[in-house]
Structure formats: structure tokens, C-alpha cells
*Asks:* 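Here it is, the structure in full.
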Amino acid sequence: MIGTATLTQFNIHQQRKFSATRGELTLLLDDVARACKSISHAVNQGALSGTLGASESSNVQGEVQKQLDLICDELFTDALIWTGHLAAMASEEVDDIIAIPQQYPKGKYLICFDPLDGSSNIDVNLSVGTIFSILRCPDGVETPTAVDFMQPGTRQVCAGFCIYGPATILVLTSGAGVNGFTLDHDVGEFILTHPQIKIPEDTAEFAINVSNQRYWEQPVQRYVDECMQGVQGVREKNFNMRWIASMVAEVYRILTRGGIFMYPVDNKEPLMPGRLRLMYEANPMSFIIEQAGGMASTGRQRIMEILPDDIHQRIPVMMGSKHEVERIVSYHTK
Ligand code: F6P
């Protein structure tokens, strides 16, 4: 199937294997893929579209939105809102949940998404991506509110991200492993190119924004310090460091060759419990990482077991190769 199966064919095969599913998820994922193709095109246009740079607005977290953040949010929302597969949506770029308008039918799924993750990279032409997490709308709920989204990551039906890099690649899990599909621009289809991705359990590569070092908690200080000591230190091996400032790119690298990615809590802004958002960044990425054999934690708790209290909740993130995440978790508990 490698290099020949389209995303739709692959999902239909999966659907037949797990006969309980009736194809609604396959249709929803087709719509998500179509949205990602439009975003890929918009991102690819670069300066030609005249949409690089900041917009005049900020999101709920007070971050100045890029023009492309807003364009991609609209592309993703417009591609999904009318389809009849969703009961409601939640976007990084929108304060409240997005209701399905009266004129459209409602479906049984909820979706949380970050339409353009890592968008500070747009103007410098580095990889960015779209992240999404699909939950089931609770039974009997006709018109969901934010409360209906407050489900732990363990309840995700499906999660994925699309990276817009040298190639556009969609990475998906529905709980039976992780598969990657590369966009064939000529044919206009995502093709299975990376079946059953597995993360090596050991690694000698870490990713963290070291400019925040003086604000980190002691366990993170210790972990990074030991990596930096290399062969002369307790780890007795040299480590490599990467920081792309784009979570999709860091996670894709980890899926490809292992590694650990950390955005820990720090005391730079004491009221901010981490930088990354639980529902549309940490949870979907944790589902993918765990399904690929890795581990994802806040340092003190498995990310996917957190019961959310807000759509835009932030949390500390440590994810990637299992043995390294286990090590940093053990430093937190000691
Ligand atoms: O907002 C999310 C994000 O852009 C991630 O994709 C990325 O890992 C992080 O923020 C970058 O943070 P910093 O600006 O501290 O490098």
C-alpha cells in the first residue's frame, strides 16, 4: 500500500477492519485533508499573496495574530462547518467555541484545532502546520457548549497534524498506530508514505527554548544540564540540540528520528502554566506520540489524563522518546 494508497483508501480499509465505524469519520477526515490542502496552498504562496506579516488583531491569549493565522482559520472553519459531521468546533484563533449555524445539519463529533501552528515562522519561510483533535459529542447533547469539550485526551477519537515544509505531510492516528501521508501536488491527493511510524525509545537529541533557562524549575535545569555535559557528565554521551519554534516541525522530527521536545512551566510569567495549549496542541500531539511508542507528560502527569477546564488552557509539555521522557518525569518525582 505504501506510495499507492490515498488517505481515503487507507481510511476505508481501516473502517472495514473496525466494523463498528460507519464511515462518518472517514468523511470528516476527507474534509480535514481538503482544508489542509487549501492551507498548504495559502502558505506556499508566501509573499505572492500579499498576506505575510501581522494582522491588526490579537487572540484570546493576547498574541498578535498573523494575517495568515486568520486566513487559515477561515479556510479550516469554512471547509468543515457545513459538512454535517460536526456538532461544534473550537479554534485557537477564536475565544468561544464555534457553533454550527442553523442551516446546516449537525454530526456527532467535536473538533479542536490550531489552524497555523508556529506562525512566527511564516515570515522567515520555515515549517508551520495545522493541528487537530477530534472528540465525540456527549450523547444527547444537541447544542454543545464549551463544557462538552472538557474531555481528557484519552477520549480523543482521532488526532493529527499537517506539516507545511519542503513536503506537505499529514500525520494521523485513530488509536491504531500512526501513519503519514505526503501530498502529491500533481494528483491533489495525500498518499500513504510513512506507515506505522515508531519513535526510537532512546535518543541523544533534545529541543527546548534555552533562552528561558533561568526561569525553569529544578528538574528541567538538571535534565538539560546533564545533556549539555555530554560524555564528561553522568549521561556519558554527547547530545545534539534543535529548536525550530514550531511544534509541528519538532514533533515531526521526533517521529522521524527520535528526540525529546520540552516546553516546561517556567517562572517568567508566573500566572502562565506553560506556553502550549492542551486541547489543540498538547493533547493531539500526545496521542500521536504515544501511539508511535513515545511518551508525553507535564513532568508530573500524563498529558492525556488531564481533565481540561478551559478550551484555551495551557500546560507544560515534555514529549518524545520514551526513555528520555521517563527520565525527566523521574527527576520531577524525586
Ligand atoms: O504557540 C505555539 C508555538 O509556536 C509552538 O509551535 C512552538 O513550539 C512554540 O510556540 C515556540 O515558542 P518560542 O517562541 O518560545 O520559541
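Values reported hereafter were calculated over all heavy atoms of this structure, with side chains retained and with hydrogens, waters and symmetry mates removed. Note that ligands are numbered from 1 as they come in the structure, with each ligand's atoms numbered from 1 the same way.
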*Asks:* Of all the non-hydrogen atoms in the protein, which one sits nearest to atom 10 (O) of ligand 1, and at what distance?
*Replies:*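 Looking at atom 10 (O) of ligand 1, the protein heavy atom closest to it is Arg275 NE, 2.9 Å.
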
*Asks:* Find the distance between CG (Leu278) and CE (Met150) and round it off to the nearest 0.5 Å.
*Replies:*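 Answer for the CG-CE pair, Leu278 versus Met150, is 8.5 Å.
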
*Asks:* Check the side chains of Glu281 and Tyr263 for a donor-acceptor pair under 3.5 angstrom, ignoring hydrogens and angles.
*Replies:*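 Judged by distance alone, the side chains do not pair up.
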
*Asks:* List the closest protein heavy-atom neighbour of atom 13 (P) of ligand 1: residue, atom name, distance to the nearest 0.1 Å.
*Replies:*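 Nearest neighbour among protein heavy atoms for atom 13 (P) of ligand 1, to 0.1 Å: Asn209 ND2, 3.6 Å.
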
*Asks:* Side chains of Gln15 and Thr26: do they bring a donor and an acceptor to under 3.5 Å?
*Replies:*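 Yes, because at least one side-chain N or O of Gln15 sits under 3.5 Å from a partner of the opposite role on Thr26.
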
*Asks:* Check this for me: His41, atom NE2, are more than 12 non-hydrogen atoms of other residues, nucleotides or ligands nearer than 6.0 Å?
*Replies:*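 No, because the 6.0 Å sphere around NE2 of His41 holds 12 heavy atoms or fewer from other groups.
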
*Asks:* Measure the distances from the heavy atoms of Arg277 to every atom of ligand 1 and state whether one is below 4.0 angstrom.
*Replies:*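 Distance cut 4.0 Å: Arg277 passes for ligand 1.
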
*Asks:* How close does the nearest protein non-hydrogen atom get to atom 2 (C) of ligand 1, and which residue and atom is it?
*Replies:*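 The answer is Glu281 OE2, 3.4 Å.
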
*Asks:* Should you measure from each heavy atom of Phe261, which atoms of ligand 1 turn up under 4.0 Å away?
*Replies:*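 Numbered from 1, ligand 1 contributes 8 (O).
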
*Asks:* Could you see which bit of Glu250 sits under 4.0 Å from ligand 1, with heavy atoms only: side chain, backbone, both or neither?
*Replies:*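 The answer is neither; Glu250 stays 4.0 Å or more away.
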
*Asks:* For Gly230, is there any backbone N or O sitting under 3.5 Å from a side-chain donor or acceptor partner on Arg235?
*Replies:*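 No; zero donor-acceptor contacts below 3.5 Å.
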
*Asks:* Can you list the ligand 1 atoms lying under 4.0 Å from a non-hydrogen atom of Asp117?
*Replies:*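 In order of numbering, the contacting atoms are 2 (C), 5 (C), 6 (O).
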
*Asks:* Identify the protein heavy atom lying closest to atom 15 (O) of ligand 1, giving its residue, its atom name and the separation to 0.1 Å.
*Replies:*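 Ranked first by proximity to atom 15 (O) of ligand 1 is Tyr263 OH, 2.5 Å.
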
*Asks:* Just to confirm my output: which protein heavy-atom neighbour is closest to atom 16 (O) of ligand 1, and how far is it?
*Replies:*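 Here the nearest protein heavy atom works out to Trp243 NE1, 2.9 Å.
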
*Asks:* So is Ser246 in contact with ligand 1, going by heavy-atom distances below 4.0 Å?
*Replies:*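 A heavy atom of Ser246 does come that close to ligand 1.
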
*Asks:* Any donor and acceptor pair, going by atom type alone, linking the side chain of Glu250 with main-chain N or O of Trp243 inside 3.5 Å?
*Replies:*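 Checked: no pair found.
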
*Asks:* Taking atom 6 (O) of ligand 1 as the point of reference, which of Glu92, Met247, Lys268 owns the nearest heavy atom?
*Replies:*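 It is Met247 that holds the nearest heavy atom.
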
*Asks:* Quick check for you: to the nearest 0.5 Å, what is the distance between Ser286 atom OG and Ile315 atom CD1?
*Replies:*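 Going from the OG atom of Ser286 to the CD1 atom of Ile315 covers 6.5 Å.
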
